[in-house]
There are 2 protein chains.
Amino acid sequence: MSRQSLTTPRKLILDIVSNSHDHPTASDVIDRIKSQGQSVAYATVYNSLRYLTEHGLLRELRLEGDASRYDARIEDHQHIVCVACGAVNEIMTPTPQEWIHRIEAETGYSIKEEEFLFKGECEACRTSKNPVHS
Amino acid sequence: MSRQSLTTPRKLILDIVSNSHDHPTASDVIDRIKSQGQSVAYATVYNSLRYLTEHGLLRELRLEGDASRYDARIEDHQHIVCVACGAVNEIMTPTPQEWIHRIEAETGYSIKEEEFLFKGECEACRTSKNPVHS
DNA sequence: TTTCTTGCAAAACATTTGCAAATCG
DNA sequence: CGATTTGCAAATGTTTTGCAAGAAA
């Protein structure tokens with residue numbers, strides 16, 4: 001463990017991610033810091049996000065696109081993105097353990113982590129595209 | 001559809017990925033082209049990989065690390081990576097449909113694609129770390 | 001004072017783009 | 001011919017790194 005833990009910029013960044021419900025990227029975080037009239041170096045934002053992830057306070061998500069996104073909900077959950085509008089929603093339905101055991105048997109691995117990404121069309125997009133008829 | 005489809009570089013790249021069992025990245029592909037004494041421009045490799053992916057001949061994987069990897073097995077399957085040695089294996093056990101339906105009910109999405117990444121320790125790493133005792 | 005953290009700029013990658021030349025239909 | 005594709009170099013976007021200055025134990 002390090003001697004300094006939740007420094008000022010780290011706390012600020014953790015707060016921003018915690019209060020954002022849209023899984024912000026590093027550059028989203030920088031924008032939000034700036035829009036609050038504050039300033040933190042690029043490198044510090046990346047370092048802080050890495051630190052917070054490694055210490056279990058944030059979770060790094062690699063959804064669509066190049067940039068990693070960050071999520072302050074660290075409980076076990078997965079994500080689904082809308083292929084039409086890009087919305088990201090969370091999935092709380094637990095993974096069937098029986099399935100996991102079957103995969104462990106198939107592969108010989110012991111599974112430690114699961115990162116699932118579902119893609120589909122969200123209710124709003126589906127509705128707006130397929131007007132109710134009959 | 002385009003008029004030119006499987007051009008020479010595209011076919012070469014498809015062959016390379018098909019004959020590699022390690023899910024190569026774009027730069028792995030470039031290295032292999034070079035090591036065959038041939039030469040294809042960076043942009044062409046990226047363009048070709050995108051073309052092949054969009055036409056269903058390859059699948060793009062976003063596992064660990066920055067670079068996308070490509071897989072010529074396009075049947076529905078998922079991947080598991082070893083956190084110790086970085087090995088990537090394939091999972092053929094099908095996804096429980098009942099679980100998918102529950103997620104659709106939970107989120108209101110209609111699910112089109114599933115990308116799962118499992119992380120764990122492979123048999124070899126587990127064995128070498130935990131010598132048999134008793 | 002010794003270690004960790006910050007800030008800044010530059011570097012390192014992966015990927016895309018602009019544009020002219022080559023190629024295919 | 002006319003559209004697509006290639007090659008090259010330069011641009012873009014994300015993340016990391018080197019190093020000096022600052023802050024904390």
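Hydrogens, waters and symmetry mates are skipped; everything else that's a heavy atom, side chains included, is used.
Between A/E90 and A/R73 a salt bridge is recorded (basic side-chain N to carboxylate O distance below 4.0 Å). Taking the charged nitrogens against the carboxylate oxygens, A/E98 and A/R102 do have a contact shorter than 4.0 Å, which makes a salt bridge.
A/T44 meets the side chain to side chain donor-acceptor pair (under 3.5 Å) test with no other residue; sequence neighbours excluded. Judged as a ring-ring contact (aromatic ring centres under 6.0 Å, His included), and not counting sequence neighbours, the contacts of A/F118 are B/W99, B/F116. Judged as a side chain to side chain donor-acceptor pair (under 3.5 Å), and not counting sequence neighbours, the contacts of B/T95 are B/E114.
Of the candidates D/dC8, D/dT5, C/dG7, D/dC8 carries the atom nearest the B/A41 side chain, counting heavy atoms from C-beta on.
Rounded to an integer number of Å, the gap from CD1 of A/I13 to P of D/dT15 is 13 Å. B/L6 has its CG atom 16 Å from the C1' atom of C/dT23, to the nearest Å. Counting to the nearest Å, the P atom of D/dT5 and the NZ atom of B/K11 are 17 Å from each other. Across the protein-nucleic acid pair, A/E64 atom CD and D/dT14 atom P stand 15 Å apart, rounded to whole Å. We find that CD of A/E54 is positioned 14 Å from C1' of D/dT15, with the value rounded to whole Å.
Axis angle, first five pairs versus last five pairs of the helix from C/dT1-D/dA25 to C/dG25-D/dC1: 30°, rounded to 10°.
Among pairs with a residue in residues 58-79 of chain B, those fulfilling ring pair (Phe, Tyr, Trp, His ring centres under 6.0 Å) read B/H23-B/H79, B/H77-B/H79, at least two apart in sequence or across chains.
When the side-chain nitrogen and oxygen atoms of B/T44 are compared with OP1 and OP2 of D/dG7, one or more of them lie within a distance under 4.0 Å. For C/dT23, neither phosphate oxygen OP1 nor OP2 lies less than 4.0 angstrom from any side-chain nitrogen or oxygen of B/T7.
Two residues are said to be in side-chain contact when any heavy atoms from C-beta on lie closer than 4.5 Å; B/L117 and B/E64 meet this criterion.
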Pairwise N/O distances under 3.5 Å, protein to nucleotides 12-16 of chain C:
from, atom 1, to, atom 2, distance (Å)
C/dT15, OP1, B/S68, N, 3.0
C/dT15, OP2, B/Y46, OH, 3.0

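Side-chain contact check for B/T53 and B/E60: no donor-acceptor pair (N or O, by modelled atom type) lies under 3.5 Å.
Residue A/D76 places its CG atom among 12 or fewer non-hydrogen atoms of other residues, nucleotides or ligands, all under 6.0 Å distant.
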